[in-house]
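Here is the structure we will look at, set down as structure tokens.
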Amino acid sequence: MATVRGIPISNNVVVWPLQCFIIILVFVCSYNSLAIPSTSSATIREADALLKWKDSLDIHPTHSRLASWNLNSTSSPLNNSSYRYQNNSSCHWFGIICNKLGSVIKIDLESSDLRGTLQYFNFSSFPSLLTVNLYNNSLYGSIPGNITNLSTLTHLDLGNNYLSGNIPSQICLMTSLRFLSVAENHLDGSVPPEIGMLESLEVFLAYNINISGSIPVSIGNLSSLTILALSGNNINGSICHEIGQLKSLVMLFLYENHLTGSIPKSIGQLKSLSLLHLCQNNLTGSIPKTIANLSSLTKIFLFDNHLTGSIPLEMNNLTNLEQFQLQQNFLSGYLPENICMGGRLERFLASDNYFVGSIPKSMKNCSSLVRVLLQGNELKGNISKDFGIYPNLKYMDLSYNNFFGELTRNWGQCPKLAMLNISNNKISGRLPHELGDATQLQELDLSSNLLVGKIPKELGHLKLLYILKLNNNSLSSNIPIEIEMLSELEMLDLSTNKLSGPIPIYLEGCSKLLHLNLRNNMFNGSIPSQLGTLHTLRNLDLSQNLLAGELPFELEHLDMLEIFNLSHNKLSGSIPSTFKELISLTFVDISYNLLEGSLPNIKAFIEAPFEALEHNKGLCGNNTSLKPCPMLKENNNKIIIIVLVMASISCILILLFIIVGVLFIRKKRERNMDEPRRTQATVTFFEAWCHNGKKVHEEIIEATENFSSKYCIGVGGYGSVYKALLPAGQVVAVKKFHDNGGVTSNEAFKSETDALTRARHRNIIKLFGFCSHTKYLYLVYEFMEMGNLAKILSDNVKAMELEWTKRLNIVKGLANSISYMHYECCPAIIHRDISSKNVLLDHKFEAHISDFGSSVSLDPESSNWTPFAGTFGYSAPELAYTTEVNEKCDVYSFGVVILEVIMGKHPGDIILSLLASSSSSSPLPTHQVLLKDLLDERLSPPTNQIAREVVTATQIAFACLQTRSQSRPTMKQVSEKLSTSLPLPEPLHLITLKQLFDPQCWTS
């Protein structure tokens, strides 16, 4: 008898369990041998189908999320089926989820950087599949019809890809679908009527896909639908009354289409509806009373339509509203009294309608308010009684109404208030000094009212303020000194008041000012020279004051100034000759002063109309409205004496030059008697150092140790650039052309000297001189301390120094200089190689175009065909099939540079997308790319005016990058457009490239 741990057990008891175990083992093995091959073959088929699709995609085999997708084909020594099942299953691959039997039930590859089509996806291999999530990839091509083989599928998300073609009508076969998204693609056609057969569908997302046609009436069959999103398309026709049958609907998005007709009354049957979004269509008629039945409604958007009539009184019952937006319609009557009765209203936008009466009483104590825009109506009421204190309010615009009364201290107790605009009303009294307590204010516009008294010094506490408009009032006294504390101020408009005293010199503290308007006041004294420190100023209006004295020459530093109005003052003396540096000027008015002498020889003065110059003491110059400046009189004794002295000195110098020249030639002949006779003469020209080219040449050779590599700071296609410190202490850059360059180097040298001896612009590299010799062929430029733009953008530290204002100035400087080359040089100069490597920056980060070796002069009477020149990645696409040169080649390259400045890197992917979209029927998917994702992430996002300028620059860049050269703007148009800034269509972080890519929008 056997024992176990001392307990006796008979042998029979031991044997029986062993026999049972063997029988069970045999049974299990037999079962596995029968069952596993069937399951294994199914899972292998699924894995093979996934691998076949993976192989069709354009992804890196190892550096993608699908790297785990591969079969382990190594078999066990016994070739065990169980072993093969475990190793050939896809259940452990990324994004794949299986059920207990090993069948794939979910494919979740959201944001997996997939590029390719669905044509090679064998949907029939997945009989158990419930979920397919391919959202946010780069899939293209059509949606295959055989996707309907997924009869068990409940969730299909193909959103945010590049899919094209129609929504397949066979979609009706997928009767188990509860979630369907094809949003943000390039589909066309219309919503198939068969969609109404998906009775289990709960969510249907088809926004921003470019579909057209009308909303099918069959959509009323979707009784389970909770979200319907068809916005951002070209859907037309009316909203079918069958929409009212969607009893489960919670959210309805039909905005930004071409819908017409009236809002159907049946919409009032959607008792579960929380969000109604019908804005930006062409809807007409009145708001139906039945909307008042939507007791669950929290957000209603009807703005930007053609709605008429009044707001139904029944809508007073909607007391749980959070957002109520009716702006830009033709609505009239009164605003609903109980709009904020529930205490949840955050956004109340009813601007640009014909509403009358006072604001709703429930608004006075509505502490939930964040944004209130009621401008452009006929509202009235006492501003001091009808408004309260709003702890969450950020934006309040009541402009262009009929409000009266005085401003109270309550506005200073709105701690989050960023914008307050009550302009163009009938507000009277004094400005409350408590406004200075609203320290988050960025925009304050109280213009065109009846305000009196002083400007409160407490406004100096508003450190974030960038727009201050108090014009068209009756404010008096001086401008307070505290105004200099507004360092972020970009617009200051105090025009048409009764302000007096001198223009304060402390305005120089507002160093970011773009627009300064002090016209029509009683300012006296002279114009302070400190205004010349406002380098960003674009609009300066000091007209209709009592200003006297001479114009300060320091105003020459306002090199971005575009509009300059000094009319109707008592200014005297001559206009400083340094004003010729104001090359950005487009408008000038100096009429009704006591000015005399010659006009500056720049376009704004030359083309100024007579009305801008009249009533002065004695102006003359190169303007058709004026007489030419008189020549020097022969009987002027002083001038005669000066001329005689100068003539005598010149004769002596010429004689000395001849003597020195003879001696030099004699010595040279003696020194070179043993040298081979040269066949080419030496030509030198050094404008900055007059005639002594030989001395400068020797200094350069000595400074670079005969062009030693240790002084080399760059190498290009035609030559190398060296840094040379001359004995006088001046640092110059010397570009020495390659010795073995042959004809190519000579042509580049000739092109560069020809261009740079004709072109004179602050944003074009300055040529000091050149040397053409059988041994030496070089150019001498001004030295740029910061190097080229490409190098700076590639350096993280230096790139962060290049903040948004500097970057925008670089873009504007380049635009001005290229426009100058195209339109003010005769013949026009086409650079042909504009790139970030050929943009040099000085110590102030001001841009200078360099490397004119490929430039050509545009002959209007010639075909202008030349060999290809330029830098790949910057050259216009038409140069791939033609070598005809025109100015649009430079425009394209400039567009690339703009994007590079904004992105901080070369925009290669965007350029490829633009080229690809031009050669296919699918447009660039700009609607799903946000501008903020392009901005150089090393910098903080731009704000306020700078943000607007970045948007403008980006829009200009896309216009320049049009594939068809005829569609691109001219550089003159670009230069002018950069001087303005577009209003932001919405907050910067929401702007898509689609909003910036439309050329018609750019030209509007």
Side-chain angles (χ1 to χ4, degrees), residues 45-61 64-66 68-69 90 93-97 103-189 191-192 194-195 198 201 203-211 913 916-917 920-923 925 927-928:
R45 186 166 63 251
E46 291 177 338
D48 287 341
L50 290 172
L51 288 177
K52 183 179 179 181
W53 182 54
K54 174 190 174 184
D55 291 340
S56 73
L57 299 176
D58 180 19
I59 57 175
H60 195 282
S64 79
R65 294 191 175 186
L66 303 191
S68 63
W69 285 26
S90 58
W93 294 356
F94 172 80
I96 305 299
I97 297 176
S103 293
V104 176
I105 60 172
K106 183 176 183 179
I107 300 176
D108 188 352
L109 298 174
E110 179 179 331
S111 303
S112 295
D113 197 25
L114 305 180
R115 296 182 178 88
T117 73
L118 294 173
Q119 306 306 316
Y120 297 97
F121 197 114
N122 189 355
F123 298 100
S124 61
S125 297
F126 302 89
S128 303
L129 198 56
L130 299 176
T131 297
V132 174
N133 183 3
L134 300 176
Y135 174 80
N136 193 29
N137 284 287
S138 299
L139 300 175
Y140 54 90
S142 61
I143 302 174
N146 63 357
I147 198 172
T148 57
N149 290 332
L150 301 175
S151 58
T152 60
L153 202 67
T154 61
H155 185 112
L156 176 59
D157 193 343
L158 302 176
N160 203 14
N161 281 283
Y162 305 137
L163 297 172
S164 57
N166 299 328
I167 301 174
S169 59
Q170 302 95 312
I171 203 87
C172 63
L173 300 177
M174 305 174 73
T175 54
S176 298
L177 269 183
R178 295 201 298 268
F179 181 100
L180 173 60
S181 173
V182 291
E184 304 229 77
N185 278 288
H186 296 313
L187 303 176
D188 49 29
V191 178
E194 291 82 358
I195 200 77
L198 302 180
L201 198 61
V203 176
F204 181 33
L205 308 180
Y207 57 89
N208 289 350
I209 59 175
N210 203 39
I211 56 175
S913 298
S917 64
S920 68
S921 59
S922 301
H927 63 272
Q928 58 192 1

Item to check | Heavy-atom check, side chain of L187 versus side chain of I167, under 4.5 Å | outcome: yes
Item to check | Beyond-backbone contact of Y162 with L139, side-chain heavy atoms, under 4.5 angstrom | outcome: no
Checklist entry - Which heavy atom of H155 sits nearest a heavy atom of L177, and at what distance? => result N-CD2, 3.9 Å
Checklist entry - How far apart are the closest heavy atoms of W69 and L51, and which atoms are they? => result O-CD2, 3.3 Å
Item to check | Validation row: N166, D188 side chains within 4.5 angstrom (heavy atoms) | outcome: yes
Checklist entry - When rounded to the nearest 0.5 angstrom, what is the spacing between CG in L50 and CZ in F121? => result 5.5 Å
Checklist entry - Okay, side chain of S68, backbone of F94: is any donor-acceptor separation there less than 3.5 Å? => result yes
Checklist entry - With sequence neighbours left out, which residue pairs that include part of residues 114-139 fulfil the salt bridge (charged side-chain N to carboxylate O under 4.0 Å, His left out) condition? => result D113-R115
Checklist entry - Can you find a side-chain donor-acceptor pair between N161 and N137 that sits under 3.5 Å? => result no
Review item, side-chain donor-acceptor pairs of residues 124-132, under 3.5 Å, at least two apart:
| residue | atom | partner | partner atom | Å |
| --- | --- | --- | --- | --- |
| S124 | OG | N122 | OD1 | 2.5 |
| S125 | OG | N122 | ND2 | 3.1 |

Checklist entry - Between L134 and D157, is a side chain to side chain contact (heavy atoms under 4.5 Å, CB included) present by the stated rule, with each step listed? => result CA-CA 6 Å; L134 300 176; D157 193 343; over 6 Å; no
Checklist entry - Looking at R65 and S112, what are the two nearest heavy atoms and their distance? => result CD-OG, 3.8 Å
Item to check | Heavy-atom pair of closest approach, residues M174 and L153 | outcome: CE-CD2, 3.5 Å
Checklist entry - Can you find a pair of side-chain heavy atoms, one from W53 and one from L114, that are under 4.5 Å apart? => result yes
Checklist outcome for this item: CG of L205 to CG of L180, rounded to nearest 0.5 Å, is 8.0 Å
Checklist entry - Do you know the tightest heavy-atom contact between E184 and I209? => result N-CG2, 3.4 Å
Checklist entry - Under 3.5 Å, side chain of N185 to main-chain N/O of A183, donor-acceptor pair present? => result yes
Next on the checklist: Measuring only between side-chain heavy atoms, which start at C-beta, is D108 closer than 4.5 Å to I97?
Outcome noted: no
Item to check | Side chains of I147 and L156 in contact at under 4.5 Å (non-hydrogen atoms) | outcome: yes
Checklist entry - Do the side chains of L109 and L66 get nearer than 4.5 Å, heavy atoms only? => result yes
Next on the checklist: As a quick check of understanding, evaluate side chain to side chain contact (heavy atoms under 4.5 Å, CB included) for I171 and I143, giving each step before the final call.
Outcome noted: CA-CA 10 Å; I171 203 87; I143 302 174; over 6 Å; no
Checklist entry - Can you tell me if Q119 uses its side chain to pair, donor with acceptor, with the backbone of S142 under 3.5 Å? => result yes
Checklist entry - Does any non-hydrogen side-chain atom of S90 lie less than 4.5 Å from one of V104? => result yes
Item to check | Value rounded to 0.5 Å, distance of CG in L150 from OG1 in T152 | outcome: 6.5 Å
Next on the checklist: Which heavy atom of L163 sits nearest to which heavy atom of Y140, and what is that distance?
Outcome noted: CD2-O, 3.6 Å
Next on the checklist: Is it true that, when you exclude Y120 itself, more than 12 heavy atoms of the residues, nucleotides or ligands shown sit nearer than 6.0 Å to its OH?
Outcome noted: no
